[in-house]
Structures are given as C-alpha cells and as structure tokens.
Amino acid sequence: MMVRVLSCWVVLLMLLAVELLVAAAGSGWGIGACAGMMALLIAYGFMRITRAPALAFIFAIGGLFWLSILLALGSLDSFTRTNFPVGDTLSSTAHDPRTPPDTAP
C-alpha cells in the first residue's frame with residue numbers, strides 16, 4: 001500500500017515539474033493536459049475510484065461537477081470586472097453635499 005502511495009506521489013511531482021516547464025514555455029493546452037492527468041491520477045491512484053461503491057462514485061462525480069461550476073464562476077469574475085477611476089468622480093469633493101459651495105466671483 002505504501003509503495004502505491006509513494007509511486008503516485010512521485011508521479012504527481014513529475015507531472016508538476018512538467019507542468020511548470022510547459023507553463024514557462026507558454027503552452028496553454030499543455031497545462032490543461034497536465035492538470036487533467038493529475039486529477040485522473042488522484043482519482044485512480046489515491047481514491048481508487050474504480051473499487052469504490054457506486055454511491056461513492058456518484059458523490060465523486062457530483063463533487064467534480066460542483067467544483068467545475070465554482071471554478072467557472074470564479075474565473076468569470078475576473079473576465080467581467082471593470083475598473084472605475086475612484087479618485088476622479090466617486091471621492092471628489094465636488095459631489096459631497098457636506099462641503100459648502102464655492103463662492104468665487
């Protein structure tokens with residue numbers, strides 16, 4: 001059992017090294033492929049999902065489903081966020097009702 005865990009750990013570390021090299025090269029598809037292989041290795045190596053009962057398999061698939069939804073919603077935040085200049089309009093004293101109006105001639 002310990003040999004299986006250690007071998008999975010070593011393969012995960014090698015995949016991490018490959019993923020970092022691919023990221024340095026700028027290949028987006030390679031990063032996704034390494035991440036997919038890591039997820040499969042965890043599911044089959046550590047979790048042994050093929051030997052699990054049917055209910056555990058259903059919960060694992062459900063967890064992956066909700067994880068993908070949460071990751072998609074989290075990535076949409078950075079795509080839809082806009083930057084507004086705060087100092088120009090929102091925090092200027094020209095729109096503050098507490099400041100007296102200018103009485104310049």
Asker: Do Met37 and Leu16 belong together in a cluster built from hydrophobic side chains that touch within less than 4.5 Å?
Answerer: yes

Asker: Restricting to non-hydrogen atoms, name the atom on Phe46 and the atom on Trp9 that form the minimum distance, rounded to 0.1 Å.
Answerer: CZ-N, 4.1 Å

Asker: Under 4.5 Å between side-chain heavy atoms, hopping through other hydrophobics if needed: is there a path connecting Val5 to Met38?
Answerer: yes

Asker: What distance separates Ile31 CD1 from Leu21 CG, expressed to the nearest 0.5 Å?
Answerer: 11.0 Å

Asker: Please report the interatomic distance CZ(Phe65) to CG(Leu70), rounded to the nearest 0.5 Å.
Answerer: 10.0 Å

Asker: Quick check for you: to the nearest 0.5 Å, what is the distance between Leu64 atom CG and Ile69 atom CD1?
Answerer: 11.5 Å

Asker: Are there more than 12 heavy atoms of other residues, nucleotides or ligands under 6.0 Å from atom CZ of Phe59?
Answerer: no

Asker: Same cluster or not: Met14 versus Leu20, using hydrophobic residues (I, L, V, M, F, W, Y) connected whenever any side-chain heavy atoms lie under 4.5 Å apart?
Answerer: yes

Asker: Between Leu67 and Ile61, is there shared hydrophobic-cluster membership here, with clusters defined by ILVMFWY side-chain heavy atoms closer than 4.5 Å?
Answerer: no

Asker: Rounded to the nearest 0.5 Å, what separates atom CG in Leu13 from atom SG in Cys8?
Answerer: 11.5 Å

Asker: Rounded to the nearest 0.5 Å, what's the gap from SG on Cys34 to CG on Leu41? Could you check?
Answerer: 12.0 Å

Asker: What distance separates Phe57 CZ from Met47 CE, expressed to the nearest 0.5 Å?
Answerer: 9.5 Å

